[in-house]
Colleague: 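Attaching a single structure in structure tokens format; questions to follow.
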Amino acid sequence: MELFDNEQTDQEIAKTAEQKQAILDKVRLPADWKTALADELTSDNMDALREFLKQAYQSDTSVYPPAHLMFNAFNLTPLSQVKVVILGQDPYHRPGQAMGLSFSVPKAIPKPPSLNNVLKEMADDIGTHYSAHGDLTYWAQQGVLLLNSSLTVNEGEPNSHQNAGWESFTDAVINIVNEQTDHTVFILWGSKAQKKGKYINTDKHLILTAVHPSPLAANRGGFFGSKPFSKTNDYLVQYGQTAIDWQLPQ
């Protein structure tokens, strides 16, 4: 006597596949990201995360970035174009700042201190002009995945969505880039980012680490002079890829 009826099991599997496809049909991501992340996007973790976000965005508390920018990093940088990953923690938590790209703010928004330090190091490293704005969209369009560990946050509450389920999702993203790309540069600033990158295959990727660019950490030493931008381009060129044009259009 079998524990399961084979015909019934096949029907249940087919129904589950239909349910998963229905979920994927609603996800607004480039096709290659959607295919690579299909298991994670249809997981129980993401079901719980979607419900959490639905309630969060409908609550009286403002959530950043706006929902339509939540996956901005993936929409600007398809998986097939990823050459560099810059990993942040969670989005900026003040009005108008977060735009779905780690460290980036819209052109009209004053640059936060951490981003100021990033752009200062860039100017010192490769001789670019210090940027008047902090919109990093130009980097994303060249294959720089500007990924935060959590993709949403409550206004005025750093790390408020830290345990909502984003960690599993972004772990899956890093694992996919690790497995499905070659000679990618992972720029990991600060201990949290470095812990998240502990399983990256250093035989086929480059990991660049430094302290976090926040003023408290950067001014203690270890960020300024770390030269991540020139090291990234040297590595990309070494393996036959086009260097990143880090100079932001003004």
Side-chain angles (χ1 to χ4, degrees), residues 9-59 63-92 98-104 137 140-141 143-154 159-182 184 186 188 192-193 195-201 205:
T9 302
D10 290 341
Q11 290 175 349
E12 290 173 352
I13 291 173
K15 183 179 179 181
T16 301
E18 291 174 1
Q19 291 173 333
K20 289 183 177 182
Q21 188 58 52
I23 292 171
L24 293 174
D25 288 343
K26 296 178 181 179
V27 177
R28 297 178 181 178
L29 283 175
D32 57 1
W33 276 122
K34 189 183 292 192
T35 298
L37 287 165
D39 288 343
E40 181 62 28
L41 290 169
T42 57
S43 67
D44 291 343
N45 173 70
M46 287 301 291
D47 288 343
L49 177 56
R50 274 187 286 269
E51 183 60 31
F52 171 85
L53 292 172
K54 179 181 178 181
Q55 295 181 22
Y57 277 103
Q58 291 177 350
S59 72
V63 177
Y64 302 126
H68 72 280
L69 292 177
M70 189 186 307
F71 291 131
N72 197 24
F74 304 93
N75 290 319
L76 288 173
T77 314
L79 176 59
S80 60
Q81 298 178 19
V82 173
K83 298 193 288 188
V84 182
V85 178
I86 297 180
L87 185 61
Q89 294 179 10
D90 62 348
Y92 296 119
M99 55 184 295
L101 303 175
S102 63
F103 294 100
S104 181
T137 298
Q141 292 170 335
V144 181
L145 181 64
L146 296 166
L147 178 67
N148 278 315
S149 296
S150 296
L151 302 191
T152 54
V153 70
N154 287 343
N159 299 316
S160 50
H161 291 189
Q162 189 171 27
N163 297 314
W166 279 126
E167 287 75 13
S168 176
F169 175 80
T170 51
D171 280 349
V173 171
I174 292 172
N175 186 54
I176 285 165
V177 176
N178 179 47
E179 291 185 350
Q180 298 190 20
T181 70
D182 292 310
T184 298
F186 290 83
L188 308 178
K192 288 185 177 180
K195 288 178 182 177
K196 204 166 181 68
K198 62 184 177 181
Y199 296 117
I200 295 168
N201 183 351
H205 301 298

Colleague: Could you pull out all residues at least two apart from Ala140 that satisfy side-chain contact (heavy atoms from CB on, under 4.5 Å)?
Modeller: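 Here the qualifying residues are Leu76, Thr77, Leu101, Leu146.
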Colleague: Sequence neighbours left out, what passes salt bridge (charged side-chain N to carboxylate O under 4.0 Å, His left out) with Lys196? Give chain and number order.
Modeller: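 Expected list: Asp171.
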Colleague: Restricting to non-hydrogen atoms, name the atom on Pro91 and the atom on Ser150 that form the minimum distance, rounded to 0.1 Å.
Modeller: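 For Pro91 and Ser150, the tightest heavy-atom pair comes out as CD-O, 3.2 Å.
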Colleague: Please name all residues satisfying side-chain contact (heavy atoms from CB on, under 4.5 Å) with Gln180, sequence neighbours left out, ordered by chain then number.
Modeller: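 For Gln180 the side-chain contact (heavy atoms from CB on, under 4.5 Å) partners, ignoring immediate neighbours, are Ala36, Leu79, Ile176.
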Colleague: Quick one: ring pair (Phe, Tyr, Trp, His ring centres under 6.0 Å) partners of Tyr57, sequence neighbours excluded?
Modeller: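 Once residues adjacent in sequence are excluded, Tyr57 has no partner under the ring pair (Phe, Tyr, Trp, His ring centres under 6.0 Å) criterion.
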Colleague: What's the separation between atom CZ in Phe169 and atom CZ in Phe71, rounded to the nearest 0.5 Å?
Modeller: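 CZ of Phe71 is found 4.5 Å from CZ of Phe169.
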Colleague: Considering only residues two or more places apart or on different chains, which pairs with a residue in residues 41-56 satisfy salt bridge (Lys or Arg N to Asp or Glu O under 4.0 Å)?
Modeller: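 Sorted pair list: Asp47-Arg50.
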Colleague: Answer with yes or no whether the side chains of Thr152 and His161 bring together a donor and an acceptor at under 3.5 Å.
Modeller: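 Side chains of His161 and Thr152: pair found under 3.5 Å.
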Colleague: Calculate, to the nearest 0.5 Å, the distance between atoms CZ and CE belonging to Phe52 and Met46 respectively.
Modeller: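 Going from the CZ atom of Phe52 to the CE atom of Met46 covers 12.5 Å.
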Colleague: What I'd like to find out is whether the side chain of Leu87 reaches to under 4.5 Å of the side chain of Ser102, using heavy atoms alone.
Modeller: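 No, too far: nothing below the 4.5 Å cut-off.
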Colleague: If a pair satisfies side-chain hydrogen bond (donor to acceptor under 3.5 Å, both in side chains) and one of its residues is in residues 26-40, list it, with sequence neighbours excluded.
Modeller: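 For residues 26-40: Asp32-Ser80, Glu40-Asn45, Glu40-Ser168.
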Colleague: To the nearest 0.5 Å, what is the distance between CG on Leu151 and CG on Leu147?
Modeller: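 Leu151 CG to Leu147 CG: 6.5 Å, rounded to 0.5 Å.
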Colleague: Taking side chain as C-beta onward, heavy atoms only, is Asn148 less than 4.5 Å from Phe103?
Modeller: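 Side chain of Asn148 against side chain of Phe103, heavy atoms only: no contact under 4.5 Å found.
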Colleague: How close do Gln81 and Gln141 get, counting heavy atoms only, and between which atoms?
Modeller: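 That closest heavy-atom pairing would be OE1-O, 4.2 Å.
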Colleague: Quick check against the 3.5 Å criterion: does Asn178 have a side-chain atom that pairs as donor or acceptor with the backbone of Ile200?
Modeller: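 Not confirmed, Asn178 side chain does not pair with Ile200 backbone.
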Colleague: Who are the salt bridge (charged side-chain N to carboxylate O under 4.0 Å, His left out) partners of Asp182, not counting sequence neighbours?
Modeller: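 With sequence neighbours excluded, Asp182 shows a salt bridge (charged side-chain N to carboxylate O under 4.0 Å, His left out) to Lys204, given in chain and number order.
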Colleague: Could you grab the distance from atom CG of Leu29 to atom CG of Asn75, nearest 0.5 Å is fine?
Modeller: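 If I round to the nearest 0.5 Å, the distance is 6.0 Å.
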Colleague: Return the set of residues passing side-chain contact (heavy atoms from CB on, under 4.5 Å) with Ser160 (not counting sequence neighbours), or none when no residue passes.
Modeller: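 Counting only residues at least two positions away or on another chain, Ser160 forms a side-chain contact (heavy atoms from CB on, under 4.5 Å) with Val153, Asn154, Glu157.
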Colleague: For Thr137, which residues count as a side chain to side chain donor-acceptor pair (under 3.5 Å) partner, sequence neighbours excluded?
Modeller: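 Result, side chain to side chain donor-acceptor pair (under 3.5 Å) vs Thr137: Asp135.
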Colleague: Please identify each residue that fulfils side-chain contact (heavy atoms from CB on, under 4.5 Å) with Thr184, with sequence neighbours left out.
Modeller: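 Thr184 satisfies side-chain contact (heavy atoms from CB on, under 4.5 Å) with Val82, Val85, Val177, Thr181, Phe186, His205 once adjacent residues are dropped.
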Colleague: Could you tell me whether a side-chain N or O of Thr42 sits under 3.5 Å from a main-chain N or O of Ile23, the two making a donor and an acceptor?
Modeller: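 Looks like no, no N/O pair under 3.5 Å.
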Colleague: With sequence neighbours left out, write down each residue that passes side chain to side chain donor-acceptor pair (under 3.5 Å) with Gln21, or none if nothing qualifies.
Modeller: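 Asp25.
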Colleague: Could you tell me which residues satisfy side chain to side chain donor-acceptor pair (under 3.5 Å) with Tyr64, sequence neighbours excluded, listed by chain and number?
Modeller: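 Scan of Tyr64 (side chain to side chain donor-acceptor pair (under 3.5 Å), adjacent residues dropped) gives Glu155.
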Colleague: For residues Pro66 and Ala98, report the shortest heavy-atom separation together with the two atoms involved.
Modeller: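 For Pro66 versus Ala98, the nearest heavy atoms are CD-O, 4.0 Å.
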